[in-house]
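Heads up: numbering here begins at 1 and tracks the sequence. We count ligands from 1, going down the list as the structure has it; atoms in each ligand are counted the same way.
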Amino acid sequence: MSVQPRRPSDPGPPRMSTLSVHAGEAREKPAHAITDPILCASTFTFANTQAVIDYVVEKQERGEYGRYGTPTEMTVERKLAALEGGGDAILYSTGMAAIVGLLMAKLNSGDEVVFFDECYHRSREFCVKHLSRFGVVTRQVKVCDYDAMAAAINENTRLLISESPTNPHLSVVDLERFAAIGRQYAVETLIDATLATPYNVRPLAYGVDYVLHSATKYLGGHNDLLAGVIIGDRERLEPVRKLRGIMGAINSAHNIYLLERGLKTFELRMRRHNENGMAVAEFLASHPRVERVFYPGLPSHAYHEIASRTMRGFGGLITFQVRDADWRATAAIVDRVRVARIAPSLGGVESLIEQPLVMSYFEVSPEDRRRFGIHDNMIRFSCGIENAEDLIADLKQAIEGR
Ligand SMILES: *Cc1c(COP(=O)(O)O)cnc(C)c1O
C-alpha cells in the first residue's frame with residue numbers, strides 16, 4: 001500500500017511549512033513511530049566484513065562512527081537543505097563552530113577574506129585574532145559599500161563574508177550585488193543569514209555560495225539548544241564536511257532531536273516573529289522617548305527599500321536608541337521590563353532584551369565601540385512569540401517609568 005498522499009493535479013513543489021514538517025524524513029521510521037528517535041549511539045554496526053566494504057566503496061549514507069554524523073542528524077540536514085534550497089547542509093554544535101569549520105576548510109596561509117564590518121563580534125574576533133595566526137589576512141570594509149568590497153579584492157582573496165540582516169544594526173545586503181562581485185572576481189561568497197532565516201530570504205537563490213545559520217536562534221527557536229549549519233552546493237562543501245569529521249564539533253542525539261522538533265513549527269513561529277517585530281518596531285518609532293529605531297520593515301530604515309524588495313518579512317529583532325539617555329538611564333529601562341528576559345541571544349519563543357554596551361561590548365574600548373556603532377543608549381529587543389500587545393504595553397511602561 002502506498003504511503004504517499006493522493007495528489008491533486010500537479011501540486012508543484014512543497015511549500016515551506018510542508019517542508020519544515022516533512023522534508024528529509026523517512027516515511028517509515030523505527031517501530032512505526034511518527035517521530036525520529038533520540039538515537040543514542042556513538043557507533044554503528046556492520047553485519048560482516050563485506051558490509052563494511054560495501055559501505056566504503058559505495059559511499060552508502062548510513063551511520064559509521066558518531067563523529068562523522070548520525071542518521072537523525074542526516075535527516076535534519078536534509079530538512080535544512082530543503083528549507084534553504086541548497087544541495088547539502090552540514091550541522092555543527094554551534095553557529096560559531098560552523099563559521100570556524102567553513103573558514104578552516106576553505107582558507108590557506110596567504111589567503112585573504114573580505115568582510116562587511118557590521119557583524120557578530122565573535123566572527124570578527126575569530127578572523128582578526130585567530131585566522132591571522134595562520135597567515136590569513138582579514139580586510140574589513142564598511143557595510144554595504146560594494147565598491148569598497150570590490151576594491152579590497154586581490155589575487156589572494158578567497159571569500160567575501162557578510163551577515164544579512166546584520167547584528168545589531170539590521171543592515172540588509174543587496175544579495176544580488178554581493179553575489180555578482182563574487183562571480184566577477186571568482187571569489188566565493190558567504191552570507192550569515194541567522195537573522196533572516198530561510199522564511200524571510202534565501203541567499204542561495206541570489207547566487208550566494210554558502211549560507212550559514214546559528215540554528216541556536218530561529219531554526220531551533222525555543223532557547224533550548226545550540227547548533228549551527230552551513231548550506232550550499234554538495235561538491236563545494238565536501239572538504240568542509242570532511243574537516244567537521246576531524247574537528248568533532250557535532251551535536252548530541254538529544255540536541256538533534258530538539259532541533260528537528262523545533263523545526264516542525266518553523267513557519268508558524270516566523271510569521272509571529274515577523275508580526276511582533278513589525279508591531280513593536282512601529283510602536284517604538286512612534287514613541288517620543290525613542291531617538292532611533294533600527295528595523296528593516298520601517299520606511300525610516302536605511303535599508304528599507306532593498307529589504308522590501310528581497311525579504312518576505314523583517315524578523316523579530318529590533319535595535320533602538322533612547323533619547324537623551326546615558327548608559328544608566330538606558331539600563332533602567334531594561335531593568336523595568338517584565339515580560340522579556342534579560343539575556344543574550346535572539347530568535348526564541350521567549351522575548352529577550354539586552355543593552356549591547358553592557359552585554360557584549362563592556363570591555364571593548366570606547367573608540368572601538370564607536371567604530372562598531374555601539375552606542376551607550378542602545379537596546380536590542382528580540383521579539384518572541386508572545387502577544388504583541390503585551391510586549392508593547394510592557395515596553396511602554398518600561399520606557400515611561402521612573
Ligand atoms: C548567535 C550568532 C552567531 C553564533 O552562533 P552560536 O550558535 O551562538 O555559536 C553567529 N552569527 C549570528 C548572526 C548570530 O546571531
For [atom], grab the closest protein heavy atom and report residue, atom and distance to one decimal in Å.
atom: atom 5 (O) of ligand 1; value: S214 OG, 3.0 Å
atom: atom 2 (C) of ligand 1; value: K217 NZ, 2.5 Å
atom: atom 4 (C) of ligand 1; value: Y120 CE2, 3.6 Å

Separation between CD (E84) and NE2 (H213), nearest 0.5 Å, reads 4.0 Å

When rounded to the nearest 0.5 Å, the distance separating NZ of K264 from OG1 of T35 is 8.0 Å

Is any N or O atom of [X], backbone or side chain, closer than 3.5 Å to an N or O atom of ligand 1?
X: E163; result: no
X: M96; result: yes
X: T216; result: yes

Is there a donor-acceptor contact under 3.5 Å linking the side chains of [X] and [Y]?
X: E188; Y: Y210; value: yes
X: R158; Y: N108; value: no
X: S171; Y: E118; value: yes

Which ligand 1 atoms are under 4.0 Å away from a heavy-atom of [X]?
X: G95; result: 5 (O), 6 (P), 7 (O), 9 (O)
X: D192; result: 10 (C), 11 (N), 12 (C), 13 (C)
X: A227; result: 7 (O)

For this session: Count the heavy atoms of every other residue, nucleotide or ligand shown that sit under 6.0 Å from CZ of R341, and state whether that count exceeds 12.
Result: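 Atom CZ in R341 is not crowded, with 12 or fewer foreign heavy atoms closer than 6.0 Å.
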
May I ask you to check whether over 12 heavy atoms, not counting those of K242, lie within 6.0 Å of atom NZ?
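For K242, atom NZ is not crowded (no more than 12 foreign heavy atoms under 6.0 Å).
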
Counting heavy atoms under 4.0 Å, the part of R122 that contacts ligand 1 is neither

So for A215 against ligand 1, with non-hydrogen atoms under 4.0 Å, the contacting part is neither

Exercise. What are the two closest heavy atoms between S351 and E386, and how far apart are they?
Worked result: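 Heavy-atom minimum between the residues: OG-OE1, 2.7 Å.
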
